[in-house]
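These values consider heavy atoms only, across backbone and side chains, with no hydrogens, waters or symmetry-generated copies.
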Amino acid sequence: MDWRIEELDSDTARRLDRLHPEVFDNAIVPEQLRAFIDDPRHLLFMAIVDDVVVGMASGVEYFHPDKRPNLWINEVGVAPDFQCRGIGRALVGELLDAARSRGCKEAWLGTEPDNDAANACYRAVPDVEDAEPFLLYEWELD
């Protein structure tokens, strides 16, 4: 199986018209897609097989007055039929390369301790540090 990775931008957004149903959590909202693409701090890479998007990884470059920029990896999704083939690892690698080119000091993400597929993927990415447990607090705002 051959696959390739492309960065989401105005030209490649049309790829999302041919999207495996298990890549994103919800349907693509055109206004949200446009806002995402128009914000230069947002990144998304897509894995494509036979012109169908089968995986994606997104992140946000953020900064603070006393720190260099960092990349928060927001989400990584690969359709189940395409997992365990190096696609997730390659998508995360693309985000890390983009973060380095932007001068980011660190990149990070969080996942559940029992998410075995995700943890295996992230441990396979070169130069990863050992995972650290942390607490997550969430507020529903609507």
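Nearest approach of L95 to A57, heavy atoms of both residues: CD1-CB, 3.6 Å. Residues G103 and P69 come closest through the heavy atom pair O-CD, 4.1 Å. When all heavy atoms of W3 and G86 are compared, the pair lying nearest together is CH2-O, 3.8 Å. Nearest heavy atoms, A107 versus L96: CB-CD2, 3.4 Å. Nearest approach of G88 to C121, heavy atoms of both residues: C-SG, 3.5 Å.
Hydrophobic clustering (side-chain heavy atoms under 4.5 Å, transitive across Ile, Leu, Val, Met, Phe, Trp, Tyr) groups L71 together with I5. M56 and V52 sit in two unconnected hydrophobic clusters of ILVMFWY residues. Membership requires side-chain heavy atoms under 4.5 Å apart, directly or through other members. Hydrophobic clustering (side-chain heavy atoms under 4.5 Å, transitive across Ile, Leu, Val, Met, Phe, Trp, Tyr) keeps L8 apart from V76.
Within the 3.5 Å criterion, the main-chain N or O of E112 finds a donor-acceptor partner in the side chain of N119. Under the 3.5 Å distance criterion, the side-chain polar atoms of R68 are left unmatched by any main-chain donor or acceptor of H64. Within the 3.5 Å criterion, the main-chain N or O of E7 finds a donor-acceptor partner in the side chain of T12.
By the 4.5 Å heavy-atom criterion applied to side chains, V92 and Y122 are counted as neighbours. Contact annotation: the side chain of V78 never approaches that of V23 to less than 4.5 Å [non-hydrogen atoms, C-beta and beyond]. For the pair I73/V60, no side-chain contact is recorded, criterion being any heavy-atom separation below 4.5 Å from C-beta on. Residues C104 and E61 are in side-chain contact: their nearest non-hydrogen atoms beyond the backbone lie under 4.5 Å apart. In this structure, I87 and L91 have side chains that are in contact, with non-hydrogen atoms separated by less than 4.5 Å. Side-chain contact between E75 and F24 is absent, with no heavy atoms from C-beta onward closer than 4.5 Å. Residues P80 and E22 have side chains in contact (heavy-atom distance under 4.5 Å, counting atoms from C-beta outward). Between R15 and E6 there is a side-chain heavy-atom pair separated by less than 4.5 Å.
Relative ring orientation between W108 and Y62 is described as perpendicular, the plane-to-plane angle rising above 60° on a 0-90° scale split at 30° and 60°.
Applying the 6.0 Å contact sphere to CG of D2 captures no more than 12 heavy atoms from other residues, nucleotides or ligands.
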request  = Evaluate the side-chain contact (heavy atoms from CB on, under 4.5 Å) criterion for residues N70 and W72: first the C-alpha distance (whole Å), next the side-chain angles of each, then the deciding distance (0.1 Å), finally the verdict.
outcome  = CA-CA 7 Å; N70 286 275; W72 168 53; over 6 Å; no
Under 3.5 Å, which donor-acceptor pairs link side chains of residues 35-50 to any protein atom two or more places apart or in another chain?
{"unit_1": "D38", "atom_1": "OD1", "unit_2": "R34", "atom_2": "NH1", "d": "3.1"}
{"unit_1": "D39", "atom_1": "OD1", "unit_2": "R41", "atom_2": "N", "d": "2.9"}
{"unit_1": "D39", "atom_1": "OD2", "unit_2": "H42", "atom_2": "ND1", "d": "3.3"}

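For D17 and R14, the salt-bridge test fails: no basic side-chain N is under 4.0 Å from an acidic carboxylate O.
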